[in-house]
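Below is one structure; the comments refer to it alone.
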Amino acid sequence: MRTLCAAAFLSFDGVAESPTDWMGPYLTPAIDEELLDLLDEAEAFLFGRNTFQEMAATWQRRSGPMADLYNVRPKYVVSTTLGHPGWRNARTLGDPATDRVAELKADGEGLLLVIGSPELVRRLTAAGLVDEYRFLMAPLILGKGKRLFPDGIRVPLTLIDAKIYESGVTQLRYAPTRS
């Protein structure tokens, strides 16, 4: 069975919206290396439609270690409106999304990595499908923007690991606490 990991950049106040607009000043070579290791660990990627389209526009025209991983590995897109994904090794998953993702988890080994995709992460969290969360939290309060978890979601978590980088970014790894 695959392990489903949700990874996201977050501000200190939990905003996940548009990290390319505010995360850049905090990224360091050590964080880039950590991200590359995580991407290399992933057997496949899972995206919501919006994040997928942003990632495809950015990465399919690039080269280098990160781009090579994004471009070669299987990619699954949760969308009922996206036709042909148009990115090598990508396919759409139909509805209901949580059923399709549960099947995807059961039908393989390794790490299935959700990158960004806040709406998808919320749905998967509510369905109990996320096995691990990996957050890179910037030392920044944005004060506005879409938070990864809005009011109403409650999931006890167990800390797996934490790291602090020289830029003040904290990497937090959690697993849902299973009773």
Side-chain angles (χ1 to χ4, degrees), residues 1-11 15-24 26-29 31-127 129-138 145-149 169 171 173:
M1 176 173 257
R2 289 183 174 124
T3 299
L4 180 62
C5 175
F9 292 116
L10 297 176
S11 66
V15 173
E17 182 179 24
S18 302
T20 55
D21 293 344
W22 47 265
M23 191 67 178
Y26 302 102
L27 296 178
T28 66
I31 293 172
D32 287 344
E33 185 176 315
E34 189 76 35
L35 291 171
L36 185 59
D37 288 347
L38 176 60
L39 296 178
D40 191 39
E41 186 181 344
E43 180 269 332
F45 303 113
L46 180 63
F47 299 99
R49 183 185 51 81
N50 291 335
T51 302
F52 174 81
Q53 289 176 315
E54 291 171 10
M55 296 290 285
T58 299
W59 291 101
Q60 66 182 335
R61 291 176 179 81
R62 290 187 183 179
S63 61
M66 277 191 193
D68 293 347
L69 289 168
Y70 281 130
N71 289 318
V72 171
R73 300 278 164 91
K75 292 165 283 297
Y76 301 96
V77 188
V78 174
S79 175
T80 57
T81 59
L82 184 67
H84 186 274
W87 190 4
R88 185 172 67 178
N89 296 325
R91 68 178 200 138
T92 56
L93 300 177
D95 257 348
T98 53
D99 290 351
R100 300 292 81 79
V101 172
E103 291 168 5
L104 205 61
K105 281 184 64 171
D107 187 36
E109 296 293 326
L111 185 70
L112 179 59
L113 182 61
V114 182
I115 299 171
S117 306
E119 291 178 31
L120 177 58
V121 170
R122 288 191 288 271
R123 289 170 66 187
L124 298 174
T125 296
L129 292 171
V130 178
D131 301 301
E132 181 180 340
Y133 298 91
R134 292 192 193 189
F135 302 135
L136 283 172
M137 185 175 292
K146 291 182 184 175
R147 294 183 317 166
L148 180 59
F149 296 110
V169 168
Q171 177 185 276
R173 290 182 62 194

Inset, instruction - For S79 and T81, indicate whether the former's side chain and the latter's backbone hold a donor-acceptor pair under 3.5 Å. - result: yes
Inset, instruction - Give every residue pair that meets the salt bridge (Lys or Arg N to Asp or Glu O under 4.0 Å) criterion with at least one member in residues 74-91, sequence neighbours excluded. - result: none
Legend entry - V121 to G116 - nearest heavy-atom pair and separation: CG2-O, 3.4 Å
Throw together a table of side-chain donor-acceptor distances under 3.5 angstrom for residues 53-67, partners on residues two or more places apart or in other chains.
from: Q53; atom 1: OE1; to: R49; atom 2: NH1; distance (Å): 3.0
from: T58; atom 1: OG1; to: E54; atom 2: O; distance (Å): 3.0
from: Q60; atom 1: NE2; to: A56; atom 2: O; distance (Å): 3.3
from: R61; atom 1: NH1; to: A57; atom 2: O; distance (Å): 3.4

Legend entry - Test side chain to side chain donor-acceptor pair (under 3.5 Å) applied to E43 - qualifying residues, sequence neighbours left out: R2
Legend entry - Sequence neighbours excluded - side-chain hydrogen bond (donor to acceptor under 3.5 Å, both in side chains) pairs with any residue from residues 105-116: K105-D131
Inset, instruction - Measure across T51 and I115 and return the closest heavy-atom pair with its distance rounded to 0.1 Å. - result: CG2-O, 3.4 Å
Legend entry - Non-neighbouring partners of S11 that pass side-chain contact (heavy atoms from CB on, under 4.5 Å), sequence neighbours left out: D13, V15, W22, L142
Legend entry - Smallest separation among heavy atoms of L120 and G48, with atom names: CD2-N, 3.6 Å
Inset, instruction - Could you name each residue pair satisfying ring-ring contact (aromatic ring centres under 6.0 Å, His included) that touches residues 75-126, not counting sequence neighbours? - result: F52-W87
Inset, instruction - Give a yes or no on whether E33 atom CD has more than 12 heavy-atom contacts from other residues, nucleotides or ligands under 6.0 Å away. - result: no
Legend entry - Residue list, side chain to side chain donor-acceptor pair (under 3.5 Å) with T3, at least two apart or on another chain: none
Legend entry - Pairing residues for R122 by the side-chain contact (heavy atoms from CB on, under 4.5 Å) criterion, not counting sequence neighbours: P118, E119, F149, P150, I153
Inset, instruction - Please examine the side chains of N71 and N89, heavy atoms only from C-beta on, and report whether any two atoms are closer than 4.5 Å. - result: no
Inset, instruction - Would you check if L113 and F47 make a side-chain contact, meaning some heavy-atom pair closer than 4.5 Å? - result: no
Inset, instruction - State, to 0.1 Å, how close I31 and Y26 come at their nearest heavy-atom pair, and which atoms those are. - result: CD1-O, 3.5 Å
Inset, instruction - Could you list the residues that satisfy side-chain contact (heavy atoms from CB on, under 4.5 Å) with D40, not counting sequence neighbours? - result: L69, R73
Legend entry - Exercise: identify the closest heavy-atom pair between L38 and A7: CD2-CB, 4.0 Å
Inset, instruction - Using the test side-chain contact (heavy atoms from CB on, under 4.5 Å), find all partners of E132 that sit at least two apart in sequence or belong to another chain. - result: C5, R134, I160, R173
Inset, instruction - Go through the structure and list residues passing side chain to side chain donor-acceptor pair (under 3.5 Å) with T92, not counting sequence neighbours. - result: none
Legend entry - Which residues share a salt bridge (Lys or Arg N to Asp or Glu O under 4.0 Å) with E17, sequence neighbours left out: none
Inset, instruction - Please examine the side chains of V169 and T28, heavy atoms only from C-beta on, and report whether any two atoms are closer than 4.5 Å. - result: no
